[in-house]
Protein chains: 2
Amino acid sequence: MKAATVKTITARAANAYSADCPTRQILDRVGDKWAVLILLLVRHEPMRFNALRRTIEGISQKMLSQVLKSLERDGLIKRRAIATVPVTVEYSITPLGATLANAVDPLRDWAEQNLKEVLSAQRRYDAQRKPIAA
Amino acid sequence: MKAATVKTITARAANAYSADCPTRQILDRVGDKWAVLILLLVRHEPMRFNALRRTIEGISQKMLSQVLKSLERDGLIKRRAIATVPVTVEYSITPLGATLANAVDPLRDWAEQNLKEVLSAQRRYDAQRKPIAA
DNA sequence: CGGGATCCGCATCGATACTG
DNA sequence: CAGTATCGATGCGGATCCCG
């Protein structure tokens with residue numbers, strides 16, 4: 001995720017490869033290991049921090065809070081803190097985020113329909129190459 | 001890109017967070033900094049190695065050949081070596097790759113339409129936070 | 001021209017500890 | 001519960017050299 005290291009990289013990376021291409025920037029975000037997952041999770045109902053943490057399971061709290069902040073910064077999700085006894089925080093999707101989620105759907109569908117084909121392509125490729133050469 | 005370090009991570013990462021989710025695996029690929037870019041570039045006409053290199057500009061030959069191999073392995077692009085005097089190699093998209101490219105289109109569109117909004121959301125977010133506090 | 005092999009810095013990410 | 005701060009390992013990715 002670029003967003004975390006804004007100060008260091010932004011300027012350099014920006015013009016490295018056609019900076020004018022919005023696709024790259026969004027792709028970077030979409031490509032984020034967790035960003036889309038979270039977006040899709042909060043899509044239907046708001047979720048709390050630890051709920052997300054438990055659902056994704058494999059993400060560290062560091063990553064989670066980091067990605068969450070990044071998504072909020074982009075205006076894709078919204079953070080809402082409720083002053084209960086132990087603090088409660090809800091993350092929900094924004095209208096903008098919802099439109100992105102929609103744009104991601106075709107990808108989801110493609111993934112579900114074609115993963116097997118991709119996997120078998122990989123096997124075919126690997127088969128005629130190095131058989132790991134134990 | 002996971003593909004490069006198959007031996008080390010695959011097993012672990014696979015079951016870390018719902019391994020059964022094809023979306024994750026495809027997202028990893030789509031998220032690859034360059035993979036989609038390349039896919040989109042070879043989409044219409046076959047391209048040569050250095051042509052890609054020059055077009056993307058910012059990618060190292062290491063990354064390029066690595067991503068290229070990975071995409072070929074996944075059956076998304078096709079490599080064709082022509083035995084000319086200096087070797088000529090053409091990379092073209094496969095039917096499978098083409099369907100993926102199609103699935104990516106909505107994302108492209110979204111990016112182009114909403115990047116400005118995302119950027120202004122970022123500015124708003126940053127404005128009411130730390131003004132860099134030089 | 002199209003890459004493979006190697007070296008290596010530096011950002012990324014996980015684990016741990018602490019706070020409000 | 002919802003995070004922040006610090007530390008430490010690792011592996012990504014760039015640079016360079018070389019080969020077919």
Side-chain angles (χ1 to χ4, degrees), chain A residues 1-13 16-17 28 31-35 37-38 42 46-73 77-92 129-130, chain B residues 1-10 12-13 16-17 28-29 31-35 37-38 42 46-73 77-92 129-130:
Chain A
M1 183 189 344
K2 284 282 157 45
T5 52
V6 189
K7 51 178 191 240
T8 21
I9 323 189
T10 296
R12 262 194 315 125
Y17 43 90
D28 272 356
D32 187 291
K33 208 173 176 43
W34 321 103
L37 270 196
I38 294 176
V42 299
M47 289 189 74
R48 317 227 330 240
F49 190 87
N50 282 318
L52 285 166
R53 192 156 134 65
R54 256 174 275 112
T55 305
I56 301 185
E57 187 197 357
I59 192 173
S60 61
Q61 69 286 53
K62 182 183 177 181
M63 276 302 94
L64 182 55
S65 83
Q66 197 171 301
V67 177
L68 245 21
K69 222 184 305 180
S70 165
L71 285 172
E72 189 197 358
R73 189 172 108 102
I77 66 174
K78 186 160 179 66
R79 196 188 109 111
R80 207 186 118 212
I82 307 157
T84 52
V85 188
V87 192
T88 302
V89 179
E90 266 187 5
Y91 291 94
S92 54
R129 292 281 179 172
K130 315 258 178 176
Chain B
M1 180 190 348
K2 284 284 157 44
T5 53
V6 189
K7 48 176 191 234
T8 23
I9 324 189
T10 296
R12 264 195 313 123
Y17 45 90
D28 271 358
R29 197 147 315 273
D32 186 291
K33 209 172 176 41
W34 321 102
L37 270 196
I38 294 177
V42 297
M47 288 189 75
R48 319 238 316 250
F49 190 87
N50 281 319
L52 286 166
R53 192 156 134 65
R54 258 175 274 111
T55 305
I56 301 186
E57 188 199 353
I59 191 174
S60 62
Q61 68 287 54
K62 180 185 178 179
M63 278 301 96
L64 181 54
S65 82
Q66 196 171 299
V67 176
L68 246 20
K69 223 184 304 181
S70 164
L71 284 173
E72 189 196 358
R73 189 172 108 105
I77 65 173
K78 187 159 177 67
R79 195 188 111 110
R80 208 187 117 213
I82 307 156
T84 53
V85 187
V87 193
T88 302
V89 180
E90 267 188 3
Y91 291 94
S92 54
R129 291 283 179 170
K130 316 256 177 174

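Hydrogens, waters and symmetry mates are skipped; everything else that's a heavy atom, side chains included, is used. Per chain, numbering begins at 1; letters A, B, ... match sequence-line order.
- Residues B:R53 and B:Q61 come closest through the heavy atom pair NH1-N, 3.7 Å.
- In this entry the distance linking CG of B:L64 with P of D:dG13 reads 13 Å, nearest Å.
- Of the two residues near DNA chain C, B:R54 and B:K69, the one whose nearest nucleotide lies more 5' is B:R54.
- Nearest to the side-chain atoms of A:N50 among the listed nucleotides C:dG2, D:dG3, D:dA2 stands D:dA2.
- Taking atom CD of residue A:E90 and atom P of nucleotide D:dC1, one finds them 15 Å apart after rounding to whole Å.
- At least one side-chain nitrogen or oxygen of A:S65 sits closer than 4.0 Å to the OP1 or OP2 atom of D:dT4.
- Distance B:D32 CG to D:dG11 P: 17 Å, rounded to the nearest Å.
- In this structure, B:V67 and B:W34 approach most closely via the heavy-atom pair CG2-CD1, 4.0 Å.
- Rounded to whole Å, atom C1' of D:dA2 lies 15 Å from atom CE of A:M47.
- Between B:L52 and B:I59 there is no side-chain heavy-atom pair separated by less than 4.5 Å.
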What nitrogen or oxygen pairs link the protein and nucleotides 14-17 of chain C at under 3.5 Å?
from: C:dG14; atom 1: OP2; to: A:S60; atom 2: OG; distance (Å): 3.0
from: C:dG14; atom 1: O6; to: A:K62; atom 2: NZ; distance (Å): 2.4

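- Of the possible donor and acceptor atoms, one in the side chain of A:T55 sits under 3.5 Å from a partner among the backbone N and O of A:A51.
- With B:F49 as reference, B:L64 is the one residue of B:V89, B:V87, B:L64 to meet the side chain to side chain contact (heavy atoms under 4.5 Å, CB included) rule.
- Among the atoms of the strands shown, only primed sugar atoms or phosphate atoms (P, OP1, OP2) are found under 4.0 Å from some heavy atom of A:R48.
- Atom CD in A:Q66 sits about 13 Å away from atom C1' in D:dG3, given to the nearest Å.
- When rounded to the nearest whole Å, the span between CD1 of B:I82 and C1' of C:dG2 equals 12 Å.
- As a whole-Å value, the separation of B:L68 CG from C:dC1 P is 16 Å.
- Every side chain to side chain donor-acceptor pair (under 3.5 Å) that A:T88 has, sequence neighbours left out, goes to A:T84.
- Side-chain N/O atoms of A:Y91 include one lying less than 4.0 angstrom from OP1 or OP2 on D:dG3.
- In this structure, A:I38 atom CD1 and D:dA2 atom C1' are separated by 14 Å, rounded to whole Å.
- Residues satisfying the side chain to side chain donor-acceptor pair (under 3.5 Å) test with B:E90, not counting sequence neighbours, are B:R80.
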